[in-house]
Amino acid sequence: MLEEFKKVHLIGIGGIGVSAVARILHSRGFEVSGSDVRQSALTDEMAALGMKVTIGHDASNIEGADAIVVSTAIPDHNVELRAAKEQGMPIIHRSRVLNELIASRRTIGVTGTHGKGTVSSMITWILECAGLEPGFVIGGRLQNFGINARDGKDWMIVEVDESDGTHRNFDLDYVVCNFLEPDHLNYYSDWDDIILNMQRFLEENDRLKEVFINLDCEGNRRLAEALRMRPTGYGVEQKTEWRAVLDGKGQLPIRFETLHRGESLGDYELNLPGRYNVVNAIAATAVARRVGVAPDVIREALSTYKGLENRFTIEQGGGVMAVKDYNSHPTCMRKVLESARDLVDGRIISVFKPYRYTLIKYLQDEYGAAFHGSDEVIITTMYAANEDPIPGVNTELVVEKIRENDLHVTHIPDQNDINDYLLENTRPGDKVIFFGGDDFFQMADAFIAECARRAGASEVAPSLDQKAGGPRTLPED
């Protein structure tokens, strides 16, 4: 398909997934252009590489292109997409383009409702330390590399997004399914539908040599029972083929013993917070051993792995710590809070913007219980993400569910008022966890800068990450 084209235009080139595909296309010699609604670090990086990047969508942007690449996030009313349809231009989803780009390589795909970014980046770093120079396409910036994608001559590791069903567009040699929980219910009807689509993805994959499944996850255990093939299991809680046994409470560095079919491969450690990172590490270890990487190389790689950007990324100023985490799923937030309690003492304040009516409707009780470990929870107005309202499902429902769990919750309808509230009510020693996206991360940075200013510091204090020699992050995706 791609051999027919020379110039490719990507709508939404500033998106983390689309920009990754743009990098690979550019490295393969395609003339790449793209557009996005706003300038960002990613659009600047694409332009610096030599791609033609336009800020703002306009029908003229697609002139001269042989094909248009889109993601599911691009609405049908986008002016460039409408113009391409009117002109009869080839319009290809990014997942199909990516699948073709990696078809000539040996491939490892990591999927599941969360954790896939961390597992895929761990595998990437292990193979890099083994001298295999892997390519990768991952939905986050890898701190060990500073980028989210690069081409590879032999191996390609890809994060495979299941949120919109496009994981079924991929054919891969090895697949990891890290978690299967109720999520993305704007696309799937229920949990059973999520599991069924994952089953079809695996069983329709003619290239598949082996699938690795986290058997600590109930959804994955149900998937394993349904599959015609025998998966390779991994985990911490279950007695699986690959298992990690933790040593201690989860403080840094996290130490664990790796077992394969009951035989010890020795002790390993991770220099980033989060006991659930051990599950991710055992997945990466199982895959790396399958493709021939020696245990000593894996041990060294895991000890120097730095994680993904904005996955429990820590900043400090004025005696206050801010944590930036991309998670919006209750299971992930609960694990982040558990890990925060392991890592530090002092009050923990969680800040969250509920996301999608469908998700809140299905998981309202889980959201209510997700914030245990928080001394205070700050909730702001729900982000609907273009979903139609559901009667009775709103921000107030989330607030009430949290209160039912005997937690102190403060409802601040306008998120622009959150930092003022925090500056008035936090004190040195407090830890504020911002669960959300880029807008919340900008708030976190501004909050810490102001804390530092008020404390009389000339600049934001070095974070725990910087003192340790690099950023530390936690999963999940």
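Note: hydrogens, waters and symmetry copies are ignored here, and every other heavy atom, side chains too, is used.
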Next on the checklist: If you apply the rule salt bridge (charged side-chain N to carboxylate O under 4.0 Å, His left out), what do you find for K401 with D365, and how did you get there?
Outcome noted: CA-CA 6 Å; K401 289 293 181 180; D365 292 329; 2.9 Å; yes
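- No close placement of the Y326 and F435 rings is indicated, their centers lying 6.0 Å or farther apart.
- The aromatic rings of F434 and F440 sit perpendicular to each other, their planes meeting at more than 60°, with 30° as the lower class boundary.
- With rounding to the nearest 0.5 Å, the separation of CD1 in I138 from CD1 in I147 is 10.0 Å.
- Between the CG atom of N186 and the CZ atom of R356 there is a distance of 3.5 Å, given to the nearest 0.5 Å.
- Between the T240 side chain and the V236 main chain, no donor and acceptor come within less than 3.5 Å of each other.
- With N327 contributing its side chain and M333 its backbone, the two residues share no donor-acceptor pair below 3.5 Å.
- For the pair D430 (side chain) and R427 (backbone), a donor-acceptor distance under 3.5 Å is present.
- Two residues are said to be in side-chain contact when any heavy atoms from C-beta on lie closer than 4.5 Å; M122 and W125 fail this criterion.
- A side-chain donor-acceptor contact under 3.5 Å links T380 to the backbone of Q415.
- T72 and H93 are linked by a side-chain donor-acceptor pair at a separation below 3.5 angstrom, with hydrogens and angles left out of the test.
- Here the straight-line distance linking atom CD of Q199 with atom CG of L227 works out to 5.5 Å at 0.5 Å rounding.
- Contact of the E376 side chain with the V409 side chain is not registered, since no non-hydrogen atoms from C-beta on lie closer than 4.5 Å.
- Using modelled atom types, one side-chain atom of R141 and one backbone atom of G146 make a donor-acceptor pair closer than 3.5 Å.
- The closest donor-acceptor contact from the side chain of S40 to the backbone of T43 lies under 3.5 Å.
- Both cation-pi conditions hold for R299 and Y268: the charged atom is under 6.0 angstrom from the six-membered ring centre and inside a 45 degree cone around its axis.
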Item to check | Test log, rule salt bridge (charged side-chain N to carboxylate O under 4.0 Å, His left out), inputs E309 and K324 | outcome: CA-CA 9 Å; E309 183 179 51; K324 298 181 286 187; over 6 Å; no
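- T111 places a side-chain N or O within donor-acceptor distance of the main-chain N or O of V160, the cut-off being under 3.5 Å.
- Looking only at distances, no side-chain donor or acceptor of D183 sits under 3.5 Å from a matching main-chain atom of W191.
- Interatomic distance, CE of M382 versus OH of Y357, reported as 6.5 Å (0.5 Å rounding).
- Side-chain N/O atoms of N280 and N178 include a donor and acceptor closer than 3.5 Å.
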Next on the checklist: Working note: R221 + E218, criterion salt bridge (charged side-chain N to carboxylate O under 4.0 Å, His left out); need CA distance, chi angles, decisive distance, verdict.
Outcome noted: CA-CA 5 Å; R221 292 195 296 271; E218 179 185 348; 5.2 Å; no
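- Residues E162 and R168 are not paired through a salt bridge, judged by the lack of any N-O separation under 4.0 Å between the basic side chain and the carboxylate.
- Under the rule for a salt bridge (Lys or Arg N to Asp or Glu O under 4.0 Å), the partners of R290 that lie at least two apart in sequence or sit in another chain are E210.
- The salt bridge (Lys or Arg N to Asp or Glu O under 4.0 Å) check on R228 picks up E203, with sequence neighbours excluded.
- Ring geometry, F201 versus H167: the interplanar angle falls from 30° to 60°, so the pair is classed tilted.
- Checked against K353 for a salt bridge (Lys or Arg N to Asp or Glu O under 4.0 Å), the options D439, D414, D438 give a single hit: D439.
- Of the possible polar contacts, none joining the E400 side chain to the L397 backbone as a donor-acceptor pair under 3.5 Å is found.
- Proximity of the aromatic rings of F212 and W242 is defined here by a centroid distance below 6.0 angstrom, and this criterion is not met.
- Applying the salt bridge (Lys or Arg N to Asp or Glu O under 4.0 Å) rule to D375 yields the partners R341; only residues at least two apart in sequence or on another chain are considered.
- Between the side chains of E257 and S264, a donor-acceptor pair is found at a separation under 3.5 Å.
- Of the possible polar contacts, none joining the S121 side chain to the L142 backbone as a donor-acceptor pair under 3.5 Å is found.
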